[in-house]
Amino acid sequence: MGNFPEAGAVARIRLFASSNAWIEGAATRQLDQLAGRPDMLAVAGMPDLHPGHHAPVGSAALARGRVFPDVIGTDIGCGMQFWSLDLPERRLKLDKAVERMAVLEGAWEGNAAALLDEHGLPLDFAASLGTVGGGNHFCELQAVEEIFDPATAAQAGVVAGGLSLLVHSGSRGLGPAVLAHHHVDGTGGLPLEGAGMDYLADHDLALRFARLNRQVIAGRALQALRTEGEERIDNPHNLAERQGDLVLHRKGAAPSDRGLVPIPGSRGSVTYLVEPLPAPPDALASLAHGAGRKHDRASMLGGKRQVASNLDRLTRNPYGGHVICTDRQLLLEEAPEAYKDVTKVVADLEAEGLVRVVAILRPVLTFKTARMKREQGRVKR
DNA sequence: ATGTGC
């Protein structure tokens, strides 16, 4: 890493976003507060920056000798996993796929406890291994919209007429349990020597659980689609990474040092497959992890955004694809207009010299949830 | 985000 200020000095703050980026004052204030934490050396904001609980989502923060569990938050290890499928788009029967993909709602039929045991992972949350979860999580079948660099795209198995799968999920119950176990009041974090290392050990288990969870989800989706495929990319965006006595925190920031990165927008928009470029040290080896929220969940439920009368639209996408989501409230919270324009977010990353676009993928079938909630039909307004 | 309420 480059020359960062010494401990006690003000951390360097760098925002990788143009005036086109929709960045709230609350988010930049959170970025300032993050920079003001003890032993913080540098902080980077990405164009998807938006307010989070204890730190802004879309940020990276480098500290010396200290880790801040509350910055990583509850969903430790949450990230994107990208698979290429053997099934060509022309052979997909969409109606059948919509029907069969709903299997993801139930528990995995495999032996979760045995698999976790094999991986040396705790069994406490075996029941949710292989399930997507809530919030912004999804499992999405995607088709190729455009390829800009065929040779690089082929590295991720992206070829014209092909299909891919993008899984966005995390460590389910394990991440929140780890955070609760190592909870610290205030913004001081944990010293790396001692309590900080204990946190990181448990954090690493959640990181591995999250990746395995995405693999099981993908395996179930492939089975539902009666095809096979290959895991090409796994890119976690909520994690702490120890580098000697430094700790790099990523809160909704995609690592740029692990190959190609999928950057999804909303469930009504395309996903960009990008190649990270050699970046200045103050980018903290990070990229935007998605479009980022434009409006918080609560404001999407107020009826002010004129989406309530148009719920049917939200279970389809502008590309003729389907969204499986039987939860009305989640459908409103996750409406495309709740998100920034991913095209602008990626344009900012390009303008900052951080990435090159390799391909654009379009949503064909998105699984969110097939569960029928009891309060179904009762949306607060 | 969350075995998603007490």
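Because the structure is a prediction, the values reported are computed rather than measured. Only this structure's heavy atoms are used, side chains among them; waters, hydrogens and symmetry mates stay out.
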What is the distance, rounded to the nearest whole Å, between atom CG of A/L116 and atom P of B/dG3?
14 Å

Given atom CG of A/D75 and atom P of B/dT4, what is their separation to the nearest angstrom?
15 Å

Give one of base, sugar-phosphate or nothing for A/G73, where a contact means two heavy atoms less than 4.0 Å apart.
nothing

Using a 4.0 Å heavy-atom cut-off, does A/G134 contact any base of the nucleic acid, only the sugar-phosphate backbone, or nothing at all?
sugar-phosphate

Here the distance between atom C1' of B/dG3 and atom CZ of A/F209, to the nearest Å, is 11 Å

At 4.0 Å (heavy atoms only), tell me whether A/H137 reaches a base, stays on the sugar-phosphate, or touches nothing.
sugar-phosphate

Using whole Å, what does the distance between atom C1' of nucleotide B/dT2 and atom CZ of A/R297 come to?
12 Å

Look at all strands and tell whether A/G133 reaches a base, only sugar-phosphate, or nothing, counting heavy atoms closer than 4.0 Å.
sugar-phosphate

Measure from CD on A/E105 to P on B/dT4 and round the result to the nearest Å.
14 Å

Rounded off to whole Å, could you give me the CG-to-P distance for the A/L174 and B/dG3 pair?
10 Å

Passes side chain to side chain donor-acceptor pair (under 3.5 Å), A/E231 versus A/Q215? Steps please.
CA-CA 8 Å; A/E231 182 188 343; A/Q215 287 171 332; 2.7 Å; yes

Under 4.0 Å, heavy atoms only, any strand: does A/N238 hit a base, just the sugar-phosphate, or nothing?
nothing

Going by the rule side chain to side chain donor-acceptor pair (under 3.5 Å), which residues pair with A/E140 if we only count those two or more places apart in sequence or in a different chain?
A/Q142, A/R267, A/T366

Results of side chain to side chain donor-acceptor pair (under 3.5 Å) for A/R37 - residues two or more places apart only
A/D70

Take A/H295 and A/H50, measure what ring pair (Phe, Tyr, Trp, His ring centres under 6.0 Å) needs, and give me the verdict at the end.
CA-CA 9 Å; A/H295 304 295; A/H50 62 277; over 10 Å; no

Whole angstroms only, please: what is the CZ-C1' distance between A/R371 and B/dT2?
12 Å

Expressed as a whole number of angstroms, how long is the span from A/H181:NE2 to B/dT2:C1'?
17 Å

